[in-house]
Enquirer: 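Got a structure for you, written out below as structure tokens; questions coming shortly.
We're numbering straight along the sequence, starting at 1.
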Amino acid sequence: MRLNCGDVCPRTGAYRVVDGEGRVVNSIFVGEGETMPPTQNSHCHYESEN
């Protein structure tokens, strides 16, 4: 599942921060219903680790 900053987190868990080239650059933990935080680069998105 791909999420962008500002999206509502569908379930609690760890999410990888993935850059525009598909490389994992970081990991975060977000709770269900929370808003996904901004990334350091506009070309990044979040992917569930589960």
Enquirer: Considering non-hydrogen atoms only, spot the tightest contact between Tyr15 and Met36 and give its length.
Expert: CG-CE, 4.0 Å
Enquirer: What is the minimum heavy-atom distance between Arg11 and Ser48, and which atoms define it?
Expert: NH2-OG, 3.7 Å
Enquirer: Do Met1 and Val8 share a hydrophobic cluster (ILVMFWY, side-chain heavy atoms under 4.5 Å, transitive)?
Expert: no
Enquirer: Can you tell me how far CG of Asp7 sits from CD of Glu34, rounded to the nearest 0.5 angstrom?
Expert: 13.5 Å
Enquirer: Between Pro37 and Tyr46, which heavy-atom pair has the shortest distance, and what is it?
Expert: O-OH, 2.6 Å
Enquirer: Could you state the interatomic distance from CG (Asp19) to CG (Asn41), rounded to the nearest 0.5 Å?
Expert: 7.5 Å
Enquirer: Looking only at heavy atoms, which two atoms of Val25 and Cys44 are closest? And how far apart?
Expert: CG2-SG, 4.5 Å
Enquirer: Which atom names give the shortest non-hydrogen contact between Pro10 and Leu3, and what distance separates them?
Expert: CD-CD1, 3.8 Å
Enquirer: Counting only N and O atoms by type, is there a donor-acceptor contact under 3.5 Å from the side chain of Thr12 to the main-chain atoms of Glu32?
Expert: yes
Enquirer: Looking only at heavy atoms, which two atoms of Asn4 and His45 are closest? And how far apart?
Expert: OD1-CB, 3.5 Å
